[in-house]
Amino acid sequence: MLPIDAAAHSSRWRRRHPVDKAVLGLGLTVLAISLPPWPGAALVLAAALAVLLGPAGVPARRLWRAYRVPLGFCATGAVTLLVQVGGPGGWVSWADGGPVRAGELMLRTSAASLGVLLFAFTTPMSDLLPRLVKAGVPAPVVDVALVTYRMSFLLLDSVRRIREAQAARLGHTDRRAEWRSLAGLGATAFVRAFDRATRLQAGLAGRGYDGTLRVLVPEARVSVRFVAAALGLLAALAALTLVPSWTDIGKAMT
């Protein structure tokens, strides 16, 4: 199991309905990309961090391990705004207003990423996918997603076991051995994936599979209080962003 999935299953909000957490997490994401970067995205980033480390109870180290990957993509995209290609300054030169645009993009994307991570760290996929049928998603699409989700963990477990076996047989002692082990890993994982898929199909057929996977979903109700509190937080962030004094401070800083 991936660390983010393990954190979702052990989250304090594990038993809450996915709609509750979607209103808060995805609402923060929408605010991050729609409000002005300053102070809107900055406020959203601070609020998302406070909720993740506070009420949601996500460990800071685990959050950083998951957050640093999208944060790297955010930084890579922001760096490209610092320079321009061609023009009077030469083949490559500093872009006019590049630092401001790069900072704004960094604020927006990093805050939006935290909103998505808030939903991911508190909502297991096994709770979300079966409920998508009631939301209007075709049942076969949900079934394929469920099987793919399950098979991905089995494949990752197989890859881990194969690498451990190769390491025990000195399969990573030099570059030549590394390439040989990598080729063997790919071939073995490919064969095992097809073998597991065949056995899964045979098992479903033996259990009277009729085109729909029936799984038990934990009972949960949408909390009116939680949704109201989430909407109140989102409204407060939007109101604080639109206060004229904040806008004047932002203009003065730029």
Side-chain angles (χ1 to χ4, degrees), residues 2-5 7-8 11-13 16-82 95 97-125 128 132 135 222-223 226-254:
L2 297 177
I4 193 169
D5 291 278
S11 172
R12 296 176 184 174
W13 292 351
R16 289 196 175 276
H17 198 281
V19 171
D20 297 348
K21 296 168 282 189
V23 170
L24 179 58
L26 302 185
L28 289 173
T29 301
V30 172
L31 286 184
I33 61 178
S34 58
L35 292 176
W38 178 264
L43 290 174
V44 170
L45 190 148
L49 274 178
V51 173
L52 278 164
L53 301 177
V58 178
R61 181 175 299 180
R62 185 170 292 181
L63 174 61
W64 169 246
R65 288 180 179 177
Y67 186 45
R68 61 187 179 184
V69 176
L71 191 62
F73 284 101
C74 298
T76 302
V79 167
T80 60
L81 298 178
L82 297 176
V100 175
R101 290 196 296 270
E104 291 177 349
L105 178 64
M106 191 69 183
L107 276 176
R108 284 186 186 278
T109 53
S110 57
S113 299
L114 277 180
V116 175
L117 286 177
L118 174 60
F119 183 74
F121 265 107
T122 56
T123 310
M125 294 297 291
L128 175 63
L132 292 180
V222 178
S223 174
F226 189 92
V227 173
L231 293 176
L233 175 61
L234 299 177
L237 293 174
L240 287 173
T241 303
L242 301 177
V243 172
S245 59
W246 281 100
T247 306
D248 295 338
I249 294 174
K251 290 181 179 179
M253 293 181 61
T254 55

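The figures here come from the full heavy-atom set of this structure, side chains too, leaving out hydrogens, waters and symmetry mates. What you are looking at is a predicted structure, and each value in this text was computed from that prediction instead of being measured.
Residue G54 comes nearest to R12 through the heavy atom pair O-NH1, 3.0 Å, listed as atom of the first residue, atom of the second, then distance. Closest non-hydrogen pair, A41 versus A32, comes out as CB-O, 4.2 Å. Considering all non-hydrogen atoms of both residues, L71 and S110 come closest at CD1-CB, 4.0 Å. Pairing each heavy atom of T122 with each of P124, the nearest pair is O-CD, 3.8 Å. Between G25 and L118, the shortest heavy-atom distance links the atoms CA-CD2, 3.9 Å. Of all the heavy atoms in T241 and P36, the pair that sits closest is CG2-CD, 3.7 Å.
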**OP:** Kindly indicate, with the supporting measurements, whether the criterion side chain to side chain contact (heavy atoms under 4.5 Å, CB included) is fulfilled by L114 and L28.
**Re:** CA-CA 8 Å; L114 277 180; L28 289 173; over 6 Å; no
Exercise. Could you please spell out the steps behind the side chain to side chain contact (heavy atoms under 4.5 Å, CB included) verdict for L43 and L31?
Key: CA-CA 10 Å; L43 290 174; L31 286 184; over 6 Å; no
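Side-chain contact between W13 and V51 is present, with at least one heavy-atom pair separated by less than 4.5 Å. The closest side-chain heavy-atom distance from F226 to H17 is not below 4.5 Å. By the 4.5 Å heavy-atom criterion applied to side chains, Y67 and S113 are counted as neighbours. Here the side chains of L105 and C74 are not in contact, with every heavy-atom distance at 4.5 Å or above.
Put simply, CG on L24 and CG on L231 are 9.5 Å apart, with the number rounded to the nearest 0.5 Å. In this structure, the separation between CG on L52 and CZ on R62 is 13.0 Å, given to the nearest 0.5 Å. For the atom pair M106 CE and L45 CG, the distance stands at 9.5 Å (nearest 0.5 Å).
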